[in-house]
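Below is one structure; the comments refer to it alone.
When a ligand or atom number is given, it counts from 1 through the structure's own listing order. Residue indices begin at 1 and follow the sequence shown.
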Amino acid sequence: MTELHLTNVSFSYPDGTKALENLTLSVTSGERVAIVGQNGAGKTTAVKLMNGLLKPTEGSVLVGDWDTKNHTTAQVSRKVGYVFQNPDDQIFHNDVESEVRFGPKNMGFEPERVNELTDWALKLCGISEFAEENPYNLPYSVRKFVTIASVLAMDSDIIILDEPTAGQDKIGLQVLGNLLQVLEEKQKSVITITHDMEFVTDYFTRIIVMANRQLVADENAQKVFYNTEVLEKSMLKPPAVAQMAKLLDFSPGILSKQQLIEAILAQRSL
Ligand SMILES: Nc1ncnc2c1ncn2[C@@H]1O[C@H](COP(=O)(O)OP(=O)(O)OP(=O)(O)O)[C@@H](O)[C@H]1O
């Protein structure tokens, strides 16, 4: 299993734009972490540094015992799979199965293992029925699962999902929820960038909040969504349930509908 350690990481793009300042965080095996924050906060830059697409200007990124500065992006991406925000930036085959099969095949797995991983990933993403289809004939939500499957099939220890809930309906969200559970059972770490706070409270216990190129909180959901200073700094909008609980002046920490209902019933019975 592979751990991830970012230590005092800063990054500037070649045009001089400073995108990340002094980021320090670690992710252990099997952990689920959500990275949230306003547009331009530095989230995408942070995850690109984690999978070796970018190398830090200052500080270090360790993937297991590899310093990403000493390894190619291709090498690092075998350990840290990255599902891009936009599936159309990632898909390049004319049928779904070839797209998913490409990763494990390219990594040199035995043909039997390639078949096994491809079938597993297609099934886990609920897209086996589309195996022979051209991804570009499928809706955006399915194309997103094609890219998730193609990364899962590489069997990397750390998986980054950029905005996985974008465009997903209730069934898509259920597939994602199940997928996160299966990955946790396999001790895979999942790091997601998302603007979907309901998704965060439903599935992620650890939240990293970023604002203005910096980390402003690394806490559980209860602490983040009831911390006025963090919310103001990051301009983060808490999930609807937490907003309602605050308006009703309930004690901090309520995040689920069930907790809110229980608090309302308890107040009525007073
Ligand atoms: N290729 C690039 N060249 C120059 N500046 C860039 C580049 N990519 C991103 N930036 C800048 O770096 C900063 C951080 O961007 P980044 O994409 O990491 O933020 P983000 O939190 O992921 O935002 P979003 O939620 O909009 O994707 C922003 O000021 C952005 O404009």
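The CG atom of Leu117 sits 10.0 Å away from atom CG of Leu152, with the distance rounded to the nearest 0.5 Å.
For Thr24, the side chain to side chain contact (heavy atoms under 4.5 Å, CB included) partners two or more places apart in sequence, or in a different chain, are Asn8. Legend: residues meeting side chain to side chain donor-acceptor pair (under 3.5 Å) with Ser60, ordered by chain and number and at least two apart, are absent.
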For a quick test of your reading: what N or O donor-acceptor pairs under 3.5 Å do the side chains of residues 248-258 make, sequence neighbours left out?
residue : atom : partner : partner atom : Å
Ser256  : OG   : Gln259  : N            : 3.1
Ser256  : OG   : Gln259  : OE1          : 3.4
Gln258  : NE2  : Glu262  : OE2          : 3.1

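For Phe130 and Phe145, the ring centers sit 6.0 Å or farther from each other.
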Evaluate the criterion side chain to side chain contact (heavy atoms under 4.5 Å, CB included) for residue pair Asn86 and Phe84; output intermediate values, then yes/no.
CA-CA 5 Å; Asn86 182 357; Phe84 286 26; 5.6 Å; no

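Protein neighbours of ligand 1 below 4.0 Å, counting non-hydrogen atoms: Tyr13, Asp15, Thr17, Ala19, Gln38, Asn39, Gly40, Ala41, Gly42, Lys43, Thr44, Thr45, His195.
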